[in-house]
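Keep in mind that the numbers below use all heavy atoms, side chains included, and drop hydrogens, waters and symmetry copies. Starting from 1, each residue takes its place in the sequence as its number.
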Amino acid sequence: MSATIAILNANIHTQNPNQPHAQALAIQNNHIKKVGTNQDITPLIDETTLILDLKGKTILPGLIDTHIHLADYGRCLLWLDLTNTTSINELQTLLKQKVANTPKDSWIIGQGWNETRLQEQRMPTAADLDLVSPNNPVILYREVAMLCTANTQAQNHANITPTTPNPPGGIIEKTPQGQPTGIFRDTATTLIWQTVSEPTQTELLAATAHACQKVFQAGITSLHWLILNENEFTLIQKLYEQNQLLFRVNIVVPEALLEKAIQIQTKNPEVLQVSGAFIVADGYLDSKEAALNEPYSDDPTNTGKLLLSKETLSASITRALSFGVQPVIHAMGDRALDLVLSVIEQTKSNQRIRIEQAAILNPALLERLKKQNVAITIQPKVITTEFTVWSADHRLGSRAKWLHPLKTLLDTGVVVAAGSDCPMEPLNPLLGIQELMLHPNPEQRLSLDEAISLYTINAARCSDQEATKGSIQEGKLADLIILTADPVDVEPHKISTITIDFVILNGQILVVT
């Protein structure tokens, strides 16, 4: 049979080690039929074939994001974007405009400010927000890290008073006189967030459909959607029925919701499938709740916390496997990883088990990891934050050299894949590739090809889907992205500026607008 689409004169990075580069390819319906030179593809062309002459443009396999909270991303798209604000006055102007179009007493949420970019070189406070929004509760999140500013109305909703204590792992900033300034750090941000009213189901559906458009525009053709509650099941089903999922979706559900997840299984697993069960073994580094073998260097009595016993973890993994899905285990600290590996080593299954984060390693853990059928999934921007904003050297001491040792893991043969953790971190996978090449620990920086692999072939491997996606090879699904520039020709710190020209998904050409 002839090709449906023939792509000629392209610069193809295949992610296939047996054929790293190619000039042309042929697509037959929704699969790749042939990869090679123009001459290889020409015999497959007839009068029904659509011919695309790319004149040297670069093609990559469709990118895969292994960690995104899509419904939350949709919520965030309803928020006030403060990314480009350069002064508190400018922030106030944007907030005032939002207030003018928001009913009295309704919440206003924003995100993206960074005091280092503000003319005043300080964080906005409740007093700043009260000047332009005295009647609407307002919470404005910083660009990165768990930090926000809330106005007086928002604090009243959360019953914040001068006597409100700091929650474990968090700080409510106060003046010397003991009055809250409106700035909340780390777990203290939850005190405000838990009082924010939810959007309606109709609003959330529209917002998540908008998020789907953003994901597609970023060149992501497959993603792993980590859902937080069962309300998202209906949302996913409606998006699927309305053909608004512009990518392939692997659903990862909390282990406790596995029975209820059956309702979103479809007859087309290439598009939508429940593939993983999320299990949490410890906390996070930023709140010092990741479980460590030795105390945090700046907190000598704190070794974090294990959230599961060995018996409970083993039962959870066994239960996930009984449903035919992949255990996806959050384990950041070395003590948590020791626990997880001790259970995996006793688990008899051919299913690859995924460890989310796996932040702090050591030589002994590395040796154990490479002997198991596991994948480690990370979020590159989170790594940068842990070294810079969280100050890993100060909090971990000499252990910081073993914080996300990605190069070492890859060299050892461990499968490592990447995601965004959007909306907590930016969606852009090309930014993720950039961050991997600029790892804060120079010894752990990845090459361009290695960095791309974390969003392509390794991301497919992490869920045992490398037979159908992740590289440009004959027989695989025709999911491709065409870039406006070749990353090889771009300085590492500018890779995030490359944009997507268009996408081919399932053999269909989709224009990015």
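With hydrogens and angles left out, the side-chain atoms of Asp81 and Thr83 include a donor and acceptor closer than 3.5 Å. A donor atom on one side chain and an acceptor atom on the other are found under 3.5 Å apart for Ser309 and Thr312. Side-chain atoms of Gln351 and Ser349 include no donor-acceptor pair closer than 3.5 Å. No hydrogens or angles considered: nothing links the side chains of Gln465 and Thr468 as a donor-acceptor pair under 3.5 Å. For the residue pair Gln444/Thr408, the side-chain donor-acceptor check at 3.5 Å is satisfied. Side chains of Asn506 and Glu270: a donor-acceptor N/O pair is absent below 3.5 angstrom, by distance only. A side-chain N or O of Asn114 and one of Glu143 form a donor-acceptor pair less than 3.5 Å apart. Asn373 and Arg352 share a side-chain donor-acceptor pair at under 3.5 Å. Asp449 and His13 are not linked by any side-chain donor-acceptor pair at a separation below 3.5 angstrom, with hydrogens and angles left out of the test. Asp65 and Ser420 share a donor-acceptor pair across their side chains, judged by distance under 3.5 Å alone.
Checking side-chain atoms of Thr14 against main-chain N and O of Pro20 turns up a donor-acceptor pair under 3.5 Å. In this structure, the side chain of Asn302 engages the main chain of Lys288 through a donor-acceptor pair within 3.5 Å. Proximity of a side-chain donor or acceptor of Asn9 to a complementary backbone N or O of Gly56 within less than 3.5 Å is not detected. With hydrogens and angles disregarded, no donor-acceptor distance shorter than 3.5 Å links the side chain of Thr125 to the backbone of Gly182. Counting only distance, with no hydrogens or angles, the side chain of Gln121 and the backbone of Thr116 share a donor-acceptor pair below 3.5 Å. Using modelled atom types, no side-chain atom of Trp113 and backbone atom of Leu91 make a donor-acceptor pair closer than 3.5 Å. With Thr208 contributing its side chain and Ala211 its backbone, the two residues share no donor-acceptor pair below 3.5 Å.
Lys57 and Asp501 are joined by a salt bridge, as a carboxylate oxygen and a charged side-chain nitrogen come within less than 4.0 angstrom of each other. Using a cut-off of 4.0 Å between Lys/Arg side-chain N and Asp/Glu carboxylate O, Arg185 and Glu173 are scored as salt-bridged. Salt-bridge check for Asp334 with Arg399: failed, with every basic side-chain N at 4.0 Å or more from each acidic carboxylate O.
Sorted by first and then second residue, the pairs that involve residues 355-367 and meet salt bridge (charged side-chain N to carboxylate O under 4.0 Å, His left out), not counting sequence neighbours, are Arg354-Glu356, Glu367-Lys370.
Here the CG atom belonging to Asn362 is positioned 10.5 Å from the CD atom belonging to Glu294, to the nearest 0.5 angstrom. Atom CD1 of Ile220 and atom CG of Asp479 lie 13.0 Å apart (nearest 0.5 Å). One distance of note links CD of Gln273 with CG of Asn250; it measures 4.5 Å at 0.5 Å rounding. Summarising the geometry, atom NZ belonging to Lys469 is positioned 7.0 Å from atom CG belonging to Leu477; distances are rounded to the nearest 0.5 Å.
Within the 4.5 Å cutoff, no side-chain heavy atoms of Thr412 are placed close to those of Leu369. Looking only at side-chain heavy atoms (C-beta outward), Ile353 and Val340 stay at 4.5 Å or farther from each other. Using a 4.5 Å heavy-atom threshold, the side chains of Arg368 and Ser342 count as touching. Between Asp186 and Met146 the shortest side-chain heavy-atom distance falls below 4.5 Å. Residues Leu191 and Pro167 meet the side-chain proximity criterion, which asks for heavy atoms closer than 4.5 Å. Using a 4.5 Å cut-off on side-chain heavy atoms (C-beta onward), Tyr141 and Trp193 make contact.
Not a single ring-ring contact (aromatic ring centres under 6.0 Å, His included) links His224 to another residue, sequence neighbours left out.
Considering Glu435, Gln434, His404, Glu425 as possible partners of Thr384, the one that fulfils the side chain to side chain donor-acceptor pair (under 3.5 Å) test is Glu435. Evaluated for a side chain to side chain donor-acceptor pair (under 3.5 Å) with Ser471, the options Lys476, Glu466, Gln15 yield exactly one hit, Lys476.
Aromatic rings of His439 and Phe387 (six-membered ring for Trp) have centroids within the 6.0 Å cut-off, being under it.
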